[in-house]
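Within every chain, numbering begins at 1; the chains are lettered A, B, ... in the order of the sequence lines, protein sequences first and strands thereafter.
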Protein chains: 2
Amino acid sequence: MELVEARQKFIETWGKLGSEWGINRTMAQVHALLLISHEALTTEEVMEALSISRGNANMTLRDLISWGLVEKQHKPGERKEYFFAEKDAWTIAKQVAQERKKRELDPLLKVLNELSEVKGNEKDPAYKTFKTSVKGINKLSANVNKTLETMIKAEENWFWGSILKIFK
Amino acid sequence: MELVEARQKFIETWGKLGSEWGINRTMAQVHALLLISHEALTTEEVMEALSISRGNANMTLRDLISWGLVEKQHKPGERKEYFFAEKDAWTIAKQVAQERKKRELDPLLKVLNELSEVKGNEKDPAYKTFKTSVKGINKLSANVNKTLETMIKAEENWFWGSILKIFK
DNA sequence: ATAAATTTTCAATAATTTTTGAAAGTTTGA
DNA sequence: TCAAACTTTCAAAAATTATTGAAAATTTAT
């Protein structure tokens, strides 16, 4: 396979994967493009490479920055902004995990904690099932949350550190 | 908070979470409804509870079955089908992980393996960056894959078994 | 202060995804 | 064999989500 074709396929595959996981396809594609670019690209170049509009490119790049996956660069003497992606797979994964935790897991836990406290008649099977199910999900979510926190905070932690080496 | 209100909120929250993770909102809501129902429900009851059409309810329930999260039940002497959800949070999580692995991770790995083998000029920075990035993602994905396989196959495995107890 | 270069915004439009509902299909019991 | 009970299908419609593009805002150099 030729590099040009392979690049195309990577962008397409990454975009598809993103959309299966609730990430806008274009955003995943822009990320893919930057991942396989050895130097930082301008908005113009991103627009060109993926045939997307200026508005779309701009918003998408800002989103990627807010996810901590891309950063702006400035070249001396140049006015325009360049965009560059973190390339290390482990760092990307950590960043995505951290962001999703903040955006989704933390709010979920807040709701589950509330719902775990609903009062009712212990004899009522509807009440019992609700409570048991919600508590079960709450507990698992809380454990995932705690683990992510530990992992993110202290990769040096002797225990998690050695587990995580499996993935690197 | 009243049980009726709490149930409503749980269904809404689970639906939102699903859609953030690329799962159709209605499907997540039907799942939520069954999760907090102490007995199996008919298509009719699901339609009623969530105000959705027969076609939608039918397709969604079939999908949930294909994800291994819901099963059909038959009551003696009754003609219609009843649907019941697995309630244990850990079993649900395992099931979802296994399904997503099969549907998404395995196909991804196939592509990444292909792309890792693209030939080109080692002096070309575009080629070098492509190769390095793709290989990095490939390696991480392969490790995640292997770990999931191990986890799914042998929960009894002394090593993973003890790690997984953290989550249960 | 001016204007060229660049980035951002956002209402309108387009594309995609989901849902509906009625018709077709299937199963079961009499 | 018939028909009632129930399930499945799928083309059309609705809802949602993403994209465009031109105007407004901002930045920078002179």
Is a donor on one side and an acceptor on the other found under 3.5 Å between the side chain of Ser19(B) and the backbone of Lys16(B)?
yes
Start and end of chain B contact along DNA chain C [non-hydrogen atoms, under 4.0 Å]
dT18(C) to dT28(C)
Donor-acceptor contact present, side-chain Asn113(B) to main-chain Leu109(B), <3.5 Å:
yes
Which heavy atom of Ser37(A) sits nearest a heavy atom of Phe84(A), and at what distance?
O-CE1, 4.5 Å
Is a donor on one side and an acceptor on the other found under 3.5 Å between the side chain of Tyr127(A) and the backbone of Val118(A)?
yes
Below 4.0 angstrom, which residues in residues 49-71 of chain A have at least one non-hydrogen atom near DNA chain C?
Arg54(A), Gly55(A), Asn58(A), Met59(A), Arg62(A)
Would you mind listing every salt bridge (Lys or Arg N to Asp or Glu O under 4.0 Å) that reaches into residues 118-131 of chain A, with sequence neighbours excluded?
none
What is the first contacted nucleotide of DNA chain D and what is the last, in 5' to 3' order, if contact means an atom lying under 4.0 angstrom from a heavy atom of chain B?
dA4(D) to dC10(D)
For residues 2-14 of chain B, the side chain to side chain donor-acceptor pair (under 3.5 Å) pairs (sequence neighbours left out) are Trp14(B)-His31(B)
Would you call Lys101(A)-Glu149(A) a salt bridge at under 4.0 Å N-O?
yes
By ring pair (Phe, Tyr, Trp, His ring centres under 6.0 Å), Phe83(B) pairs with (sequence neighbours left out) none
Strictly distance-based, threshold 3.5 Å: is any side-chain N or O of Thr60(B) a donor or acceptor partner for the main-chain N or O of Ala57(B)?
no
Summary of salt bridge (Lys or Arg N to Asp or Glu O under 4.0 Å) pairs that have at least one residue in residues 82-96 of chain A, sequence neighbours excluded
Lys94(A)-Glu155(A)
At how many degrees, to 10°, do the end axes of the helix from dA1(C)-dT30(D) to dA30(C)-dT1(D) meet when each uses five pairs?
20°
Both conditions, 6.0 Å and 45 degrees, for the charged tip of Arg62(A) above the ring of Trp67(A): are they met here?
no
Ordered by number, residues from residues 16-24 of chain B within less than 4.0 Å of DNA chain C (heavy atoms) are Asn24(B)
Residues that Glu104(B) engages under salt bridge (Lys or Arg N to Asp or Glu O under 4.0 Å), provided they are two or more places apart:
Arg100(B)
Heavy-atom closest contact (Ala89(A) atom, Leu140(B) atom, distance):
O-CD2, 3.5 Å
Taking only residues two or more places apart in sequence, or in another chain, which ones meet Trp21(B) in a ring pair (Phe, Tyr, Trp, His ring centres under 6.0 Å)?
Trp21(A)
Quick test of your reading: applying salt bridge (Lys or Arg N to Asp or Glu O under 4.0 Å), list the pairs with at least one residue in residues 39-57 of chain B, sequence neighbours left out, ordered by first then second residue.
Glu44(B)-Arg54(B)
